[in-house]
Structures are given as C-alpha cells and as structure tokens.
There are 2 protein chains.
Amino acid sequence: MAKVDTSLVAHLPLFAGVTPEALDEILREARSARYPKNSAIFEQGAGAQSFFLLLHGHVRAAKTSPTGEQIVVRYVAPGETFGLAMAIGATRYPATAIAVEDSVVLIWPISAWPRLVERFPSLAANTLQTVGTRLQESHTRILEMSTQQVEQRVAHALLRLAKQSGKKLDHGIEIDFPISRQDIAQMTGTTLHTVSRILSGWESQGLVESGRQRIILRDPHGIVVLAERNADSGPA
Amino acid sequence: MAKVDTSLVAHLPLFAGVTPEALDEILREARSARYPKNSAIFEQGAGAQSFFLLLHGHVRAAKTSPTGEQIVVRYVAPGETFGLAMAIGATRYPATAIAVEDSVVLIWPISAWPRLVERFPSLAANTLQTVGTRLQESHTRILEMSTQQVEQRVAHALLRLAKQSGKKLDHGIEIDFPISRQDIAQMTGTTLHTVSRILSGWESQGLVESGRQRIILRDPHGIVVLAERNADSGPA
DNA sequence: CCGATAGTTTGCGATAGCGCAAAACGGGAC
DNA sequence: GTCCCGTTTTGCGCTATCGCAAACTATCGG
C-alpha cells in the first residue's frame, strides 16, 4: 500500500500531541482513495464502515429529511475529518458526503477506532474538541436562523466560506470550490431564487462578483460591507 | 464535604465503563450545589471554571445574540451534563444556564478534567458520545427549521420535551417543568404570539391542555396527532 | 460549431408568520 | 378579598419570502 507522508498531516489538530512514531502507526491503519468530482463518498443511512480525513479537494455534507428536502450541513476543507459516525456511537451515517471537486481522502475502518483511541488517548480528546466546536457552530447557526433575516444569513455564510476556503485574488477573495445558489440556499434555510436575487443585488452594488458556481467577495468593500450587514457577529 | 451517593449516578452514560472505585474517585473531585428556581448557574461569556452534572431539577441553556435576541439551546434533564466548555477547549461559556426549577447539580472544577480524562479515558469517550449526539440533534433542528413550518416545529419540540421530561398522567403526558410560550418560541424560531395561537388551536381540538407555564399532551389523540402532523404535511 | 443540460435570473401573485397593541387572565403577596 | 404583575390571548395590517413559471446563459459533449 502506498505510504502516506506523515509530514503532510502531522500538524493537523486531529494529531496534536501524537508522536511521529505513533502517527506512523495510526497512518498504517488507513488507506487513501480518490473520489472524482460529484461522486458520493458515503450516503445517509448507509452502514458506517469508515471514517475519513480529507487530504485534498472539498466535500459537501448534506442531510436529507424524510420528505426529501435537503440542507448542507457543512463543507469539509482539507485537513478536516468527516464521517465520524462511530465517535458518537451511530451505526449509520447521518448525512451524505459528496466530493464537490476531485478529492483525496484517508480512510480508516471504523473497527480501528477503539484500538487507536486506547493506544492514543489524545485522538479522543482531539476529536472531542472538534466535535464540540462543530456543536457550537451549529448553535450559532440555529441562533442566526432564528433571529436574522435571509440577507444577513447569506452574508454570514459567505464570509465563513471565504474564511475557511477563500483563495486570495488581487481584486478579492474567491470561494475556492464550485458552489451553486442552491447550495447556499441549503446552507442558510432559504430558496435558490432568494439567494439569486440577493447576489444580484450585491453584484450591482459591486460587493461581489459571481458566476456559475463561482463567487468572489470583492476586496475594497465586499468583505467589509457584508460583515457590517450583520452588525452583530463577533469573531468567527 | 457531603459525599455523593455513587449508586445514584453509577448508571449514567457519562460513567459507563467506569469501575465503582474510579467513580468514587471522580466524585471526590466534585462538590454539589443547589440553585433555586430562576437563578443563573453560569452566564454566557463568563470564564468557564466548572462543568456540571444535573442531579435534580431542570436547567435551561440559552444563547443570546449580540443584538440581544435569545434562543433556547436545550433543556437539561437530570442525569445530563452541561457547561462542557472545557471539553471543546473554550475558555468562556457559550450560553447561559438557568435553573427553571429548584435544582441540584454536581460541579467539577475545570482543572480536574485533564487529570480525570487521563486516569479514566472512558470519560472522554463517553463525553464524545454525548457531544456527538447533541451535534446530530442540532443538525436535525437545523433541518427542521429549514424545511418545516412553524406548527410542525412546535409539534416536534413538544413531543421531544414530552419524551425527555414527560410525566405520565391518567389523561396525558405533562411536561414536567415550567415552560412558557416564549420559551417554546425560542426553541422553534418563532414568536410567543404564534406559539400561543398554535396552542390555542390545538387546545380547541382537544389535543393539548395548557395553562400558565404548563403543557399536557392529551393522551388519546394529542400525542398521535401531533406526531402525524410531523410526518409529512400533505395538502391540508 | 451546435445542441443539450444544468445553473441562473427575474417577474409576479400568494401567504405564513411577524409586529404592534390592547385586552383578558391567573396566581401570588399581603 | 383585592391588588399587582407576569403570562397569555387575540385582532389586524404588513412584508419578507416563498412558489411557480418562463426566459436566459454558460458550459460541455460531440
């Protein structure tokens, strides 16, 4: 099996406090795989057999209701873990994961988790940390959905994406993976129509530049003004 | 210091896989305290000095936005932990905890956590489990807020409360702590006015019986019908 | 180069739920 | 018993946002 270069992942939060030798041992249990754009990595409801670490690309985690409506739970950026069903004791994946770009992931069999945690307790601590952080972010999202109107929510969502996965350009920050109006709608609890109207508005104000699955927050004003539009949010 | 009876807490998920002696040691690090109805246990933004286990009573965790709007994050039932800021590496509480009834809690100093986790790794694993479960519930809540309308959300919220903290009566299930229309509104992302209208409607249909801070899901139909209202809303 | 496909824009009517305001109600304090 | 205060109910106009429909436009395969 092709070895994974430890130096590429050693600095990740997941492996904080793990010695190089231990890391090596951990990585030996994983295999890597490549998922082409738009392919599913796992489906909601399927038996959870693995957990994942994204090395390259971007992954969308989406949750579907019994009636077929869907939300985007989050976008996974390189270095982040996903599909942690086992950590919470679930036997099935609670969401679907789709590669939105050609992506490379590390895959551990779920059966390796108990053993790894026993040998390297910091794995559990680190995972607890990231899951806890995500819980907080969820609460913030609920707060926003409860108290802000759509335009503010979209502004905030884009700012977060820019922060997480923004590529700096000379005239602004581009969200570094393909994302549609529909996706943004599913992140903010609205419809693609409304998102389209909002972005059109911002575009005509010179705040953003956007096209098919492409969004750029323009630098002089875009970022500042959008941030002000939620005259409330603190540091993300 | 008054000793806590281990037999009262031994069965809790938090202590799964912990030997009685270990439990004893863990409990020795805690103190207990009583909070009267409507008193604050900790405030959002305050430095996190402790984490808590509710022994008796009920606690409301609420998060306030910078603009002063508030949501109810959850109600804590006996046996559940709360104020786990340390587990996620936060130094301040991300929400406010208020006793909605006279309540008794166990309190550990946050400084004890690293040591406890090191000695008893299952604590970390168990905490990861509960935090993960809460994360899932949050996602479900977001999904609901995005896709359902207010009446469905209120129905679902009440059913969850009944399940978590319902007291069985001969004519139905009563939510076993004081809860106002306003509280329900803050759990479901609406206003107390709308909640009031919805409950009035249900009351006149005989589905619920409600009064000042008191809600009873009536047995023959209340529970079933509210559950169905959730399943899918076909054309009314 | 062209057609097909998926994503985007825009108009317009419909409406769920908000927000304000005022009145009714219930429970506890004294 | 009576007063007071927090909670609940209800009416009514308003509007943000949805939902549908149709036109438009990049992008990709061939």
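A note on names: the letters A, B, ... follow the listed sequences, proteins ahead of strands, and every chain is numbered from 1. Atom set for the values below is all heavy atoms of this structure, side chains included, hydrogens, waters and symmetry mates excluded.
Partners of Thr64(B) by side chain to side chain contact (heavy atoms under 4.5 Å, CB included), not counting sequence neighbours, listed by chain and number: Gln44(B), Gln70(B). Scored by the side chain to side chain contact (heavy atoms under 4.5 Å, CB included) test, Ala48(A) finds Ala85(A), Tyr93(A), Ile110(A) as partners (sequence neighbours excluded). For Ile216(B), the side chain to side chain contact (heavy atoms under 4.5 Å, CB included) criterion is met by Leu169(B), His171(B), Glu174(B), Glu209(B), Arg214(B), not counting sequence neighbours. In this view, Leu14(A) and Thr81(A), Leu123(A), Thr127(A) satisfy the side chain to side chain contact (heavy atoms under 4.5 Å, CB included) rule, not counting sequence neighbours.
Here the side chain of Thr147(A) pairs a donor or acceptor atom with the backbone of Leu143(A) at under 3.5 angstrom. Under a 3.5 Å cut-off, the side chain of Gln164(A) and the backbone N or O of Tyr75(A) do form a donor-acceptor pair.
For the OP1/OP2 pair of dC18(D) and a distance below 4.0 Å, the side-chain nitrogens and oxygens of Thr190(A) include at least one atom meeting the criterion. Distances shorter than 4.0 Å separate none of the side-chain N or O atoms of Thr194(A) from OP1 or OP2 on dT17(D).
At a threshold of 4.0 angstrom between heavy atoms, the contacts of Ser196(A) include nucleobase atoms, whether or not backbone atoms are also involved. At the heavy-atom level, Gly189(A) lies under 4.0 Å from the strands shown only through sugar-phosphate atoms.
Atom CD1 in Ile215(B) sits about 12 Å away from atom C1' in dT8(D), given to the nearest Å. Across the protein-nucleic acid pair, Leu192(A) atom CG and dC20(D) atom C1' stand 12 Å apart, rounded to whole Å. Between the CD atom of Glu151(A) and the C1' atom of dT15(D) there is a distance of 15 Å, given to the nearest Å. Straight-line distance from the CE atom of Met145(B) to the P atom of dC18(D): 13 Å, rounded to whole Å.
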Can you tabulate the close N/O pairs, meaning under 3.5 Å, that link protein atoms to atoms of nucleotides 12-14 of chain D?
none

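Side-chain contact check for Ser210(B) and Arg181(B): at least one donor-acceptor pair (N or O, by modelled atom type) lies under 3.5 Å. No hydrogens or angles considered: a donor-acceptor pair under 3.5 Å links the side chains of Thr194(B) and Thr191(B). Between the side chains of Thr190(B) and Thr188(B), no donor-acceptor pair of N or O atoms lies under 3.5 Å.
Applying the salt bridge (Lys or Arg N to Asp or Glu O under 4.0 Å) test to every pair with at least one member in residues 35-46 of chain A, sequence neighbours left out, gives no pairs at all. Identified under the salt bridge (Lys or Arg N to Asp or Glu O under 4.0 Å) test for residues 183-208 of chain A, with sequence neighbours left out: Arg60(A)-Asp183(A). Applying the salt bridge (Lys or Arg N to Asp or Glu O under 4.0 Å) definition to pairs two or more places apart or across chains, those involving residues 63-83 of chain B are Arg74(B)-Glu80(B). Here side chain to side chain donor-acceptor pair (under 3.5 Å) pairs that include residues 47-59 of chain B, with residues two or more places apart or in two chains, number zero.
Once you apply a 4.0 Å limit to the heavy atoms of chain B, the touched nucleotides of DNA chain C run 5' to 3' over dG17(C) to dG27(C).
Helix-axis bend for the helix from dC1(C)-dG30(D) to dC30(C)-dG1(D): the local axis fitted to the five terminal pairs at one end deviates from that at the other end by 50°, rounded to 10°.
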Task: Annotated protein contacts, base or backbone, on nucleotides 21-30 of chain D with a non-hydrogen cut-off under 4.0 Å, one of B, S, - each - done: B----BS---

